[in-house]
Number of protein chains: 2
Amino acid sequence: MITIKDIAKKAGVSYATVSRALNDKSDVNPKTKKKIIKLAQEMGYRPNVIAQNLVKQRSNNIALIVPDVSNPFFADIARSITEAANESEYVVTINNTGWDPKQEHYILDHMQSQQVAGIIIKPTVFYEPGTFDSVRVPLVVFWHPNKDKTDFIEMDHSIGAELATNHLIERGYKNIAYIGGAGTSPANQLRLMAYQKALQEHEMEVRQDWISYGGFNLKSGYNRIKSLLENDKVKPDAVFCGNDYLALGVLQYLHEKNISVPEEFGVMGYDDIYFSSLPMINLSTIAQPRDKMGKKAVDLILDQIEFQEKRNLENNNNYRSPSRILLKPELKIRGTT
Amino acid sequence: MITIKDIAKKAGVSYATVSRALNDKSDVNPKTKKKIIKLAQEMGYRPNVIAQNLVKQRSNNIALIVPDVSNPFFADIARSITEAANESEYVVTINNTGWDPKQEHYILDHMQSQQVAGIIIKPTVFYEPGTFDSVRVPLVVFWHPNKDKTDFIEMDHSIGAELATNHLIERGYKNIAYIGGAGTSPANQLRLMAYQKALQEHEMEVRQDWISYGGFNLKSGYNRIKSLLENDKVKPDAVFCGNDYLALGVLQYLHEKNISVPEEFGVMGYDDIYFSSLPMINLSTIAQPRDKMGKKAVDLILDQIEFQEKRNLENNNNYRSPSRILLKPELKIRGTT
DNA sequence: CTGAAAGCGCTAACAC
DNA sequence: GTGTTAGCGCTTTCAG
């Protein structure tokens, strides 16, 4: 490996001068600088980032911790984060918790050993306040803003559900059911509340037998629309689903029963997965700005880093109040409503 | 930050001893070791991985370079790589080239500055021999084995296409068309050749007007099956598609025209994306072992690292012949054939 | 078994 | 403008 000392020797200067030249510091003779830069290029010099980081007391890695990168939602976020980070000379490491709080805890510790510049994390469902008390580096959490002292970013599920429900109402559906995800999921709860509120604001009845919880998958959607439409009670004429997979299950059932969509029955999904936009599916849904989520997260990390450095430099004790950001989802009107 | 010196002071030993104890070296008094480990725990000591790496002259990062992590294929690979790497105390950084060779080149350089332990790369389509000549760290390339001196891993597209074509033939289809992806893609070319070979082996005619190339997307599949079935020539009764998106476009067209699948027409896809397994799609296809691809890549990196270290240690000049691995795809028989 | 000390490659403070 | 030097936190000889 070739180091600044090698260059120094060849250039006949001290290696400190090489360092200065390569880092474009002021107070270096332009000629010397030029010569050194040229030499470095010729010799194929690559700065040893590890050594630089040791001096700086911080690496140029941002750790992204998610339950599972292969989940399209997180994959999209991962991409926007890596792109944003790369623009500022940071590198992003990916870590999967596999939805396991123990693993999450381990990774959190491990990443700090790596002297990462910052951590962006989507906590497992079992996150509780205090989990991040031991984190000593810039941190951004994808979660609902709470009174914690960390930076939070989350999608505004209330607005999303309101958008969806109102759209269904505007289209003239009178009996709108809710096929939700896991009952314990905060996202699900917020959407349910917003759905109920939207109905009430239009003086429509909220029926408990039209509200259900369950797995976020296709089969679950199929089974639930089936039981909704095959019992004796009043039947809904539209349904708002907790995610697109559920909606796909609903569509499949309706298709099998020859119930025409959107004429006889309206369907709204949530998430806008790739397949929802396909002509053969063409599902109306709510899109969540994942791209913005990633970019914003990197922004906040960089902001914290900057703040930290300024504080160290000026040796003060200023307090940076945490950012709490809610991202607005967007209505995608397609064929099913 | 708390360092080994802090621990040493508190334990009344030298910091070298602390290092030894924490690294579980032999030749440390068991009592001392125990005391130090306990102390480290109490004081919340976290090893500074950067400093460790500086000494080791290598980081514990493996760089994964792909065109786009948000592509499900790469997302799956990313997951299996991170999981395999984490088991060996390595961390994986993700880098997107955005299919841009310039960006790829830059990242390749940048990652070596980071002193990464190894690089796993899926090259952009413009890869040519020699691209990796400047790489001085363990490297694994997802590409077709060639005479380069690097480790290669690739899916066996020939076998995959053979599997698909033979299955169509076995099911009794007589006129099998090929709707391929980009004509320049090596994967596409290999599959085309295998398709032709399989037909010939069954003494079936290879018709050039049943072979087409184009975008790997749904619309492209739709348009191409349309022109195949709406012209005057002999019409095929089955089609092998270059990927599942193309097949989805085909299915949509057949559905619109009320052509029953698999009775009147057979369809095979390639890739086994998530949606192919959905009951409403139920596409027969070829699954590629992405999980194995990731695990194997990490294996090879670790193997190279080990080899390198042994060579340094013994100061010899042994040559390690590169691994060239072809992974076997798997036939998924579902409803469309 | 343990301590002293060199050194990994680099930055930055200080001297000239 | 440039050289000298300390030091980032750690591992690893080398003495003892």
Side-chain angles (χ1 to χ4, degrees), chain A residues 1-37 39-40 43-60 89 112-117 136-137 309 312-313 315, chain B residues 1-37 39-40 43-60 89 112-117 136-137 309 312-313 315:
Chain A
M1 202 174 70
I2 135 139
T3 73
I4 51 173
K5 291 192 181 175
D6 299 322
I7 300 179
K9 206 175 291 172
K10 208 153 200 165
V13 297
S14 79
Y15 69 92
T17 303
V18 176
S19 171
R20 279 189 285 253
L22 260 21
N23 286 296
D24 203 27
K25 298 282 179 194
S26 56
D27 295 355
V28 190
N29 186 317
K31 272 188 188 158
T32 328
K33 185 191 284 188
K34 208 168 175 180
K35 184 169 96 186
I36 288 172
I37 290 176
L39 215 45
M43 300 172 70
Y45 168 75
R46 291 202 188 97
N48 184 325
V49 178
I50 294 189
Q52 291 177 325
N53 289 340
L54 182 61
V55 174
K56 271 191 278 174
Q57 299 270 56
R58 157 165 62 78
S59 86
N60 63 335
E89 291 286 294
Q112 290 187 82
S113 274
Q114 310 272 334
Q115 315 298 113
V116 291
R136 296 271 167 274
V137 300
E309 302 214 313
N312 286 344
L313 219 66
N315 209 4
Chain B
M1 202 174 70
I2 134 141
T3 73
I4 51 172
K5 290 192 182 176
D6 299 322
I7 299 179
K9 207 175 290 171
K10 210 154 199 165
V13 296
S14 78
Y15 69 92
T17 303
V18 175
S19 172
R20 280 189 283 254
L22 259 22
N23 286 297
D24 203 26
K25 298 282 180 195
S26 55
D27 296 354
V28 190
N29 186 318
K31 271 188 191 160
T32 328
K33 185 191 283 187
K34 208 167 176 183
K35 184 169 96 186
I36 289 172
I37 290 175
L39 215 46
M43 298 171 71
Y45 168 74
R46 290 200 190 99
N48 183 326
V49 177
I50 293 189
Q52 291 178 325
N53 289 340
L54 182 60
V55 174
K56 271 190 281 176
Q57 299 270 54
R58 157 164 60 78
S59 85
N60 62 336
E89 292 285 296
Q112 290 187 83
S113 275
Q114 310 273 333
Q115 315 298 113
V116 291
R136 296 270 167 275
V137 300
E309 303 214 313
N312 287 344
L313 218 66
N315 209 5

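Quick note on labels: first sequence line is chain A, next is B, and so on, each numbered from 1. Every heavy atom of this structure was used, including side-chain atoms; hydrogens, water molecules and symmetry mates were not.
Nearest nucleotide to the side chain of A/Tyr15, out of D/dT5, D/dG3, C/dC1: D/dT5. Closest to the side chain of A/Ile4, out of D/dG9, D/dT11, C/dC10, is C/dC10. The side chain of A/Asn29 has D/dT2 as its nearest neighbour among C/dC10, D/dT2, C/dT11.
Rounding to whole angstrom units, CD of residue B/Gln114 and P of C/dG9 are separated by 16 Å. Distance CG (A/Asn60) to P (D/dC8): 21 Å, rounded to an integer number of Å. Rounding to whole angstrom units, CD1 of residue B/Ile36 and C1' of C/dG3 are separated by 12 Å. For A/Asn48 and D/dC10, the CG to P distance is 17 Å, given to the nearest whole Å. Put simply, CG on B/Asn23 is 13 Å from P on D/dT13, counting in whole angstrom units. Following rounding to the nearest Å, B/Ile50 (CD1) and C/dC10 (P) show an atom-to-atom distance of 14 Å. Between B/Asp6 atom CG and D/dC8 atom C1' there is a gap of 14 Å when expressed in whole angstrom units. Put simply, NZ on B/Lys9 is 13 Å from P on D/dC10, counting in whole angstrom units.
Atom OG1 of B/Thr17 and atom CD1 of B/Ile4 lie 10.0 Å apart (nearest 0.5 Å). The structure places CD1 of B/Ile50 at 8.5 Å from CD of A/Gln57, a figure rounded to the nearest 0.5 Å. In this structure, the separation between CG on A/Leu39 and CG on A/Asp6 is 10.0 Å, given to the nearest 0.5 Å. The structure places CE of B/Met1 at 11.5 Å from CD of A/Gln112, a figure rounded to the nearest 0.5 Å. Rounding to the nearest 0.5 angstrom, the gap separating the CD atom in A/Gln114 from the CZ atom in B/Arg46 is 11.5 Å. For the atom pair CD of A/Gln52 and OG of A/Ser19, the computed distance is 8.0 Å after rounding to the nearest 0.5 Å.
Residues B/Asn53 and B/Gln115 have side chains not in contact (no heavy-atom distance under 4.5 Å, counting atoms from C-beta outward). Using a 4.5 Å heavy-atom threshold, the side chains of B/Met43 and B/Ile7 count as touching.
Counting atom types as modelled, B/Arg20 pairs a side-chain N or O with a base atom of C/dG3 as donor and acceptor under 3.5 Å.
A sub-4.0 Å separation between OP1 or OP2 of C/dT2 and a side-chain N or O of B/Thr32 is present. In terms of phosphate contacts, A/Thr17 brings a side-chain nitrogen or oxygen within less than 4.0 Å of OP1 or OP2 of D/dG3. Phosphate contact (OP1/OP2 of C/dG3, side-chain N/O of B/Ser14, threshold under 4.0 Å): present. Contact check, A/Lys25 against D/dT2: no side-chain N or O comes under 4.0 Å of OP1 or OP2. For A/Tyr45, a side-chain nitrogen or oxygen approaches OP1 or OP2 of C/dC10 to under 4.0 Å.
Non-hydrogen atoms lying under 4.0 Å from DNA chain C are contributed by B/Leu54, B/Val55, B/Gln57, all within residues 51-59 of chain B.
Note on B/Thr3: only backbone sugar-phosphate atoms sit closer than 4.0 angstrom, heavy atoms only; bases stay farther off.
No donor-acceptor distance shorter than 3.5 angstrom exists from the side chain of A/Asn23 to the backbone of A/Lys25, with no hydrogens or angles considered.
If one axis is set at each end of the helix from C/dC1-D/dG16 to C/dC16-D/dG1 from five pairs, those axes are 40° apart, to 10°.
Every residue meeting the salt bridge (charged side-chain N to carboxylate O under 4.0 Å, His left out) condition with A/Lys33, not counting sequence neighbours, appears here in chain and number order: A/Asp24.
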